[in-house]
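Here the structure is laid out as structure tokens; the discussion comes afterwards.
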Amino acid sequence: MMIDERKRRIASSFGAAVETYDLAAVLQRHAARRLADRIIRLRLPAGFRALEIGAGTGWLARRLCDRLGAGEWVISDLSPEMLERCRANLGAVSNTSFRCMDGEFPDIDGPFDLIFSNLTFQWFDDIRAAVPRLAGLLAPGGSLAFTTMTRDSAREWRRAHLRLGLQSGMAPYPSEAELQAMWPSNGRGNVRGEKVVRRHPNSRAFVHALKQTGAMVPARGHRPLSPSNLRRVMRELDVHGEFTVTYHIAYGVFTKDDA
């Protein structure tokens, strides 16, 4: 698997979080439940073939395997450590294979009846190119179902930076309208948004939660803050003590036309 330095950092960050991820991934499990409900309502053929992008520790894969039953499951992640934990957590699920790969550039042949991913697409460098690339691996009638962060997520963190004349390392996520415009012409898709608010006792707890889930790698080209500037941002957030962080999550489902 050939990946560049930023992707290696992402893989390493999530790999380092493998022991703390399940406890800290509250937002991820919330989105996974909602995504699973959407996937379960899809029409999948008998003996379907499914691919997961960014499996993490396997929470979503386990939920879908239990609900959807027999099929061929290909489970992938960028982090070898996460993939091994996922393999252990899935245990004796039959007809399942595991693949360490960059989901933005999948080195695997289709077709798949289902491709799914939970809060992974925001780590892609170019989601606008990745969505049609992944949709190209679908079988006729197959579906791509995913969640991703959208514009204005973690606005409280971003605005604290701006008030100090600093730039946040969080990526410029697309809007729901921009996601809707990414669907290929050979099918139909929809995007639904949800606002999720999480409360933290202080900025240290917020940063610690990010570290525990591995979500610490900044956007490409971002120059990390100096320790003193990071402390300034954290003090800015702690002025009123406890604070909330607002996330905007998009649930996207695309279904390719039948042949």
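Linking ILVMFWY side-chain heavy atoms closer than 4.5 Å, directly or via other members, places M170 and V217 in two distinct hydrophobic clusters. Each of M234 and L162 belongs to its own hydrophobic cluster when Ile, Leu, Val, Met, Phe, Trp and Tyr are linked at side-chain heavy-atom distances under 4.5 angstrom. Both L230 and V245 are members of a single hydrophobic cluster when ILVMFWY side chains are connected at heavy-atom separations under 4.5 Å. Cluster membership check: L179 does not share its hydrophobic cluster with Y247, using side-chain heavy-atom separations under 4.5 Å among Ile, Leu, Val, Met, Phe, Trp and Tyr. Hydrophobic clustering (side-chain heavy atoms under 4.5 Å, transitive across Ile, Leu, Val, Met, Phe, Trp, Tyr) groups L27 together with W157.
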Start with the C-alpha distance between F48 and L68, add both sets of side-chain angles, then the distance that settles side chain to side chain contact (heavy atoms under 4.5 Å, CB included), and finish with yes or no.
CA-CA 10 Å; F48 62 85; L68 295 176; 4.0 Å; yes
Test E19 against R85 for side chain to side chain contact (heavy atoms under 4.5 Å, CB included), laying out the working first.
CA-CA 9 Å; E19 298 297 336; R85 180 58 57 89; 2.7 Å; yes
Stepwise, does the side chain to side chain contact (heavy atoms under 4.5 Å, CB included) test hold for D77 with F14?
CA-CA 10 Å; D77 199 277; F14 279 93; 5.5 Å; no
Determine, stepwise, if the pair I53 / S76 fulfils side chain to side chain contact (heavy atoms under 4.5 Å, CB included).
CA-CA 5 Å; I53 302 295; S76 75; 3.9 Å; yes
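Cation-pi check for R158 over Y173 is met; the charged atom lies under 6.0 angstrom from the ring centroid and within 45 degrees of its normal.
A donor-acceptor pair under 3.5 Å links the side-chain atoms of R62 to the main chain of N89, judged by distance alone. Within the 3.5 Å criterion, the main-chain N or O of K256 finds no donor-acceptor partner in the side chain of N186. At distances below 3.5 Å, at least one donor-acceptor pair connects side-chain atoms of T150 with backbone N or O atoms of H248. Put simply, the side chain of T57 never gets that close to the backbone of C86: no donor and acceptor are under 3.5 Å apart. Remark: side-chain polar atoms of R9 are not paired, donor with acceptor, to backbone N or O of P218 under 3.5 angstrom. A donor-acceptor distance shorter than 3.5 angstrom exists from the side chain of E156 to the backbone of T246, with no hydrogens or angles considered. Here the side chain of T147 pairs a donor or acceptor atom with the backbone of L119 at under 3.5 angstrom. Checked by atom type and distance alone, the side chain of R128 never pairs as donor or acceptor with a backbone atom of E178 at under 3.5 Å. Without hydrogens or angle criteria, E104 side chain to D126 main chain gives a donor-acceptor distance under 3.5 Å. The backbone N or O of V74 lies less than 3.5 Å from no partner atom in the side chain of S97, so there is not a single donor-acceptor pair.
Ion pairing between D238 and R204 fails under the 4.0 Å rule for side-chain N and carboxylate O. A salt bridge links D4 with R220; the closest basic N to acidic carboxylate O contact falls under 4.0 Å.
Here the rule is ring pair (Phe, Tyr, Trp, His ring centres under 6.0 Å) with F146, and of F121, F254, Y251 only F121 fits it. With E194 as the partner, the salt bridge (charged side-chain N to carboxylate O under 4.0 Å, His left out) test is satisfied by one option alone out of R38, R34, R33: R34. Shown are H161, R163, R159; of these, the side-chain hydrogen bond (donor to acceptor under 3.5 Å, both in side chains) with E236 is made only by R163.
Going from atom CD1 of I39 over to atom CZ of R67 covers 11.0 Å, rounded to the nearest 0.5 Å. Taken from CG in L237 to CZ in F243, the straight-line distance is 4.5 Å, to the nearest 0.5 Å. I127 contributes atom CD1, which lies 5.0 Å from atom CE of M182 (distance to the nearest 0.5 angstrom). Expressed to the nearest 0.5 Å, how far CZ of R232 lies from CG of L164 amounts to 4.5 Å. A distance of 9.0 Å separates CG in L51 from OG in S117, rounded to the nearest 0.5 Å. We find the CG-CG distance between L60 and N118 to be 6.0 Å, quoted to the nearest 0.5 Å.
Considering only heavy atoms from C-beta on, K211 stays 4.5 Å or farther from T20 through its side chain. By the 4.5 Å heavy-atom criterion applied to side chains, I40 and L64 are counted as neighbours.
Considering every non-hydrogen atom in both A209 and A24, the closest pair reads O-CB, 4.4 Å. Across all non-hydrogen atoms, the minimal contact from P106 to G103 is CD-O, 3.4 Å. In terms of heavy atoms, L137 sits closest to I108 at CD2-O, 3.8 Å. Pairing each heavy atom of E176 with each of G193, the nearest pair is OE2-CA, 3.3 Å. The shortest heavy-atom contact between R29 and W59 is CD-NE1, 3.7 Å. Summarising the geometry of A171 relative to A219, their closest heavy-atom pair is CA-CB, 3.8 Å, with the distance given to 0.1 Å.
The number of heavy-atom neighbours closer than 6.0 Å to NE2 of H222, taken from other residues, nucleotides and ligands shown, is above 12.
Between W73 and F112, the distance separating the two ring centers is not shorter than 6.0 angstrom.
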